[in-house]
Amino acid sequence: MDTLAVIDFETTGMSPGQGARATEIAVVLLRGGCVVDRYQSLMNTGAWVPPFIEELTGISNAMLEDAPPAVRVMREAAEFVGNTPMVAHNAAFDRRFWDAELSRAGRERRQAFACTLLLARRVYPDAPDHKLATLVRHAGLPMAGRAHRALADAEMAASLWLGIRRVLVERYRLADPDHATLCALQGVPRGELAAWIGRRSGA
DNA sequence: TGCCAGGCCCTCTTTAGGGCCTT
């Protein structure tokens, strides 16, 4: 099983293209099916946190005043991740913030993101919905700390990744699925998962 | 002035519209 970096951002809004900035980052490293290391930090970008976001995440403007500068945090996070393939829940969101904040720190992304949301829609089609916390409960996985804090959400996304992987191995007989395989699998049309795996296994 | 995310994915679809998911 390859080493993976599961990431989660808390932010001031939905899109860096509309001026939203990151407020907190967490990365957990998965190796051999276990969390082997963690990086977590608040980050001060100078951006204002709207009251709704403060209520959602518990991250206040006062907390960010004392946080380390975003450039330093992103450089540390980039060193921590290196070239390790990445995973996130609704990866398009975290990938946009990773790219935007890295760029401000003078760095560039070097690896692909896999998405537990796209995978879960295929592997758990009967879940009540495909929010991270719902999927963790649905799959009988352990909850981790306060939802909408970066480290707890990254831990839950890591747990979900391992749960998805376990279903693929046990139910679909997919041998040792790696990051690249799951990146391909997340684009398979819904309902065609078994057929796709069958063709792949027979190839 | 009015609008402002974006990609996936379903359906009352494909010459479109709207819900889901992330904060």
Side-chain angles (χ1 to χ4, degrees), chain A residues 4-28 40-64 67 70 73-74 77 86-104 109 112-139 141 143-161 163-164 182-196:
Chain A
L4 300 170
V6 186
I7 188 169
D8 187 78
F9 277 106
E10 304 305 319
T11 72
T12 63
M14 300 309 298
S15 172
Q18 295 295 313
R21 298 295 305 272
T23 57
E24 187 179 44
I25 182 174
V27 184
V28 301
Q40 181 270 330
S41 182
L42 292 169
M43 48 199 284
N44 185 356
T45 64
W48 176 72
V49 182
F52 167 70
I53 299 291
E54 208 171 294
E55 177 72 21
L56 179 71
T57 65
I59 298 170
S60 67
N61 287 290
M63 289 164 69
L64 295 181
V73 171
M74 289 306 299
M86 300 184 82
V87 175
H89 193 67
N90 196 9
F93 175 87
D94 291 286
R95 188 180 58 230
R96 281 198 299 273
F97 279 94
W98 178 250
D99 287 351
E101 297 293 353
L102 268 189
S103 173
R104 290 172 179 270
R109 176 163 56 92
F113 271 69
C115 179
T116 52
L117 169 62
L118 295 179
L119 289 166
R121 282 175 173 164
R122 290 158 176 81
V123 171
Y124 302 116
D126 299 328
D129 59 55
H130 294 88
K131 294 180 172 74
L132 178 59
T134 304
L135 287 164
V136 167
R137 275 194 300 273
H138 178 76
L141 303 166
M143 300 294 284
R146 185 196 195 284
H148 295 298
R149 284 303 296 263
L151 185 57
D153 283 1
E155 298 258 13
M156 285 198 290
S159 179
L160 178 59
W161 171 270
I164 288 168
L182 268 62
C183 280
L185 194 151
Q186 71 192 23
V188 173
R190 286 212 237 183
E192 295 182 20
L193 188 58
W196 185 87

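Hydrogens, waters and symmetry mates play no part in the numbers below; they use all other heavy atoms, side chains included. Residue numbers start from 1 in every chain, and the chains themselves are labelled A, B, ... in the order their sequence lines are given, proteins ahead of strands.
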If you assign each of L118(A) and I53(A) to its closest nucleotide in DNA chain B, which residue comes earlier from the 5' end?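 Nearest-nucleotide comparison on DNA chain B picks L118(A).
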Heavy-atom nearest nucleotide on DNA chain B taken for V188(A) and for P128(A); more 5' hit belongs to V188(A)
Classify the nucleic acid contact of [X] as base, sugar-phosphate or nothing, counting any heavy atom under 4.0 Å across all strands shown.
X       : answer
R95(A)  : nothing
T57(A)  : sugar-phosphate
Q18(A)  : base
R121(A) : base
L117(A) : sugar-phosphate
D94(A)  : nothing
F97(A)  : nothing

Heavy-atom contact window of chain A on DNA chain B, given 5' to 3' at under 4.0 Å: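 Boundary nucleotides touching chain A, in 5' to 3' order, are dC4(B) to dT23(B).
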Could you work out the separation of [N] and [M] based on their [atom1] atoms and round it to a whole Å?
N       : M       : atom1 : answer
dA16(B) : dC12(B) : C1'   : 11 Å
dT13(B) : dG18(B) : P     : 13 Å
dG19(B) : dG2(B)  : P     : 24 Å
dC3(B)  : dG7(B)  : P     : 22 Å
dT23(B) : dC10(B) : C1'   : 25 Å
dT14(B) : dC9(B)  : C1'   : 13 Å

Salt bridge (charged side-chain N to carboxylate O under 4.0 Å, His left out) partners of [X], counting only residues at least two apart:
X       : result
R109(A) : D99(A)
R122(A) : none
R95(A)  : none

By side chain to side chain contact (heavy atoms under 4.5 Å, CB included), M14(A) pairs with (sequence neighbours left out) F93(A)
Would you say Q186(A)'s side chain and C115(A)'s backbone share a donor-acceptor pair under 3.5 angstrom?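 Judged by distance alone, yes, a pair lies under 3.5 Å.
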Among all residues two or more places apart in sequence or in another chain, which pass the ring-ring contact (aromatic ring centres under 6.0 Å, His included) test with H130(A)?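 Residues passing ring-ring contact (aromatic ring centres under 6.0 Å, His included) with H130(A): none at all.
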Look at the aromatic rings of F9(A) and W98(A) and report parallel, tilted or perpendicular, splitting at 30° and 60°. tilted
